[in-house]
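Scroll down for the structure; my scribbles are underneath it.
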2 protein chains.
Amino acid sequence: MNNTYYAYEMPGVTVDLVLFTVNQDQLQVLLTRRAEEPFAGQWALPGGFLLKGESLEDAARRVMHDKTGVVDAYLEQLYTFGEPDRDPRNRIVTITYFALIPWQKLSRPGSRKVSEVSWFEAVRPPNLAFDHNRILGYAVNRLRAKAGYSNIAFGLLPEAFRLTELQRIYEVILEQPLDKRNFRKRILATGWLTETGAIDDSGAHRPARLYRFIKRDVEFSD
Amino acid sequence: MNNTYYAYEMPGVTVDLVLFTVNQDQLQVLLTRRAEEPFAGQWALPGGFLLKGESLEDAARRVMHDKTGVVDAYLEQLYTFGEPDRDPRNRIVTITYFALIPWQKLSRPGSRKVSEVSWFEAVRPPNLAFDHNRILGYAVNRLRAKAGYSNIAFGLLPEAFRLTELQRIYEVILEQPLDKRNFRKRILATGWLTETGAIDDSGAHRPARLYRFIKRDVEFSD
DNA sequence: CCAAAAGTGTTATTGATACACCCATGC
DNA sequence: GCATGGGTGTATCAATAACACTTTTGG
């Protein structure tokens, strides 16, 4: 409890965010270009130091809001990275979160802050600062795993959506085509969806029924 | 990066450990009695501050070794808790790990250190210090979930074991009886096991074949 | 009438569940 | 010979996978 003990570490604590969206049949991740050393000029996951009185999740939400303007997206703690040498200067422990945002909710493709931000293909990212490539890979794996057994994919869709849109989200995440009939059967059998009653007749083809997600499942331990 | 900014937090960083074993058909967790304030005299999860140059996992392993003498047990990061008020004195962020130890490996039921340590039934714990009841509940849920789809239960068994022992581990974790024939069929079909060739003829009944676990699966994202 | 996506069922295969008796040993 | 746990197979049911054509709209 006494911080003056020489052997104890008082690391900096940051929160980093792996922010996904699906756009143009691609899983994309938001990156920011670092203005300062270390790794000045390189792309990195958005993040920041924990503020006084702020919970970890609040910090993650703050970062998300600063970079995208979005507040109420799906957010989940991912993992905590704390290797002694992961920051070349001070010891930094970072609690990482991953978040899902529907592409349609992003008013601006970039940021409302001065710093440079941009979307990249998540599975083929550039060389990132720190251990951020590792963190990103970890997040992609988690997303894929959860897509298999949870309703997490709904975080990437707007309120009302077509079943085909939903299917495409799954196909992009899992990187494999799915059978249309089996997909619809299974997804409707889960009871996660209801028809909104509205239809989307915007395309040059047969109009589609719109569905919405009923409610998030209770969070498991995971 | 500059710690003098008034709004940044420099929380203490600890590692806490949820150490499980299965003994006497019970899922048990290791607790230590706190010697100091806050919560002096109350039971708590074993843990400690991060030391200089020590990775998070090393810290967890150190705590485990200090309390049990065991080094090479299954260890996995669980979750990071950092609510601003979770420690009544300083702001503390704790990275929690959960570990599995075969009962047979525990030479001493308690500790080799002075502090008082003891095993408790994990699903009916006493009132714990800090937010440790919540952490323990989280760990139990994770363990149950992983028992359903992973080979994690092997962390609770010695090198060589009978299928009945293995089944009992699952039954204790999942809190439900399993059908013997179906269990054996499924578990052998996974390919996780081989017969050691040895048999256990120690009981007053028909001798049992001994099996061992082949290799740990590749770690997923969890 | 052509292009484009929406919508819809059946069969085969696979995996999960339910269920009861004989075997080998120690005492 | 009795108590104790070890060991084995089959039939049913549920879930998953494979597979192709018709419908409705806009242009």
Side-chain angles (χ1 to χ4, degrees), chain A residues 22-25 103-104 144-145 147-151 153 157-158 160-212 217, chain B residues 22-25 103-104 144-151 153 157-158 160-212:
Chain A
V22 170
N23 181 35
Q24 298 177 321
D25 292 347
W103 173 251
Q104 293 84 347
R144 286 216 183 107
Y149 62 86
S150 82
N151 50 25
L157 286 170
F161 49 84
R162 292 169 292 130
L163 289 184
T164 318
E165 288 181 279
L166 179 57
Q167 182 178 341
R168 208 146 284 156
I169 296 283
Y170 275 94
E171 289 176 331
V172 167
I173 294 176
L174 300 173
E175 285 189 313
Q176 57 172 317
L178 300 173
D179 178 84
K180 200 204 308 199
R181 282 173 292 188
N182 291 338
F183 177 80
R184 286 168 179 241
K185 230 182 307 167
R186 246 184 318 138
I187 208 78
L188 290 173
T190 60
W192 292 338
L193 295 178
T194 29
E195 293 191 43
T196 62
I199 58 161
D200 173 352
D201 58 356
S202 63
H205 49 77
R206 174 171 176 178
R209 301 182 206 173
L210 290 173
Y211 290 81
R212 85 187 143 71
D217 268 339
Chain B
V22 170
N23 180 36
Q24 297 177 321
D25 291 346
W103 174 252
Q104 294 83 349
R144 285 214 186 111
K146 290 201 101 164
Y149 62 87
S150 81
N151 50 27
L157 287 169
F161 49 84
R162 293 167 292 130
L163 290 185
T164 317
E165 288 181 279
L166 178 58
Q167 181 177 342
R168 207 146 287 158
I169 295 282
Y170 275 94
E171 290 176 331
V172 168
I173 293 176
L174 300 173
E175 286 190 311
Q176 57 171 317
L178 301 173
D179 178 86
K180 201 205 304 200
R181 282 171 294 188
N182 292 338
F183 176 80
R184 285 167 182 241
K185 229 183 306 170
R186 247 184 317 137
I187 208 77
L188 290 173
T190 60
W192 292 339
L193 296 178
T194 30
E195 292 192 41
T196 63
I199 57 161
D200 173 352
D201 57 357
S202 63
H205 49 77
R206 175 171 175 178
R209 299 181 208 172
L210 290 173
Y211 290 80
R212 84 187 142 72

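We name chains A, B, ... by the order of the sequence lines, and we start the count at 1 in each one.
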> Does A:R206 have any salt bridge (charged side-chain N to carboxylate O under 4.0 Å, His left out) partners at least two apart in sequence or in another chain, and if so, which?
Replying inline: none
>> Among B:Y211, B:W192, B:F183, exactly one meets side chain to side chain contact (heavy atoms under 4.5 Å, CB included) together with B:L166. Which residue is that?
In response: B:F183
> When the distance from CG of A:L178 to C1' of C:dA6 is rounded to whole Å, what number comes out?
Replying inline: 17 Å
>> Just the rounded figure in Å: distance from C1' of D:dG6 to OH of B:Y211.
In response: 10 Å
> What is the distance, rounded to the nearest whole Å, between atom CD1 of A:I199 and atom C1' of C:dG7?
Replying inline: 14 Å
>> Within the 4.0 Å limit for protein heavy atoms, which parts of nucleotides 13-24 of chain C are touched? Write it as a string from 5' to 3', B for base, S for sugar-phosphate only, - for none.
In response: ----BBBB--BB
> Nearest 0.5 Å, what's the CG-OG1 distance between B:L188 and B:T194?
Replying inline: 10.5 Å
Name every donor-acceptor pair, under 3.5 Å, that has one atom in a side chain of residues 169-178 of chain B and the other anywhere in the protein, sequence neighbours excluded.
unit_1	atom_1	unit_2	atom_2	d
B:E171	OE2	B:Q167	NE2	3.2
B:E171	OE2	B:L178	N	2.9
B:E175	OE1	B:R144	NH2	3.0

> Looking only at heavy atoms, which two atoms of A:D200 and A:G203 are closest? And how far apart?
Replying inline: OD1-N, 4.3 Å
>> Distance check needed: C:dA5 P versus A:R184 CZ, whole Å only.
In response: 13 Å
> Residues two or more places apart in sequence or in another chain: which of them pass side chain to side chain contact (heavy atoms under 4.5 Å, CB included) with A:T196?
Replying inline: A:A160, A:A198, A:L210, A:R212
> So which of residues 160-176 of chain A are in contact with DNA chain D, with a heavy-atom cut-off of under 4.0 Å?
Replying inline: none
>> Among residues at least two apart in sequence or on other chains, which ones pass salt bridge (charged side-chain N to carboxylate O under 4.0 Å, His left out) with A:D201?
In response: none
>> Using a 6.0 Å cut-off, check whether atom CZ of A:R184 has over 12 heavy atoms from anything other than its own residue.
In response: yes
> Looking at B:R209, does any N or O in its side chain come under 4.0 Å of the phosphate oxygens OP1/OP2 on D:dG7?
Replying inline: yes
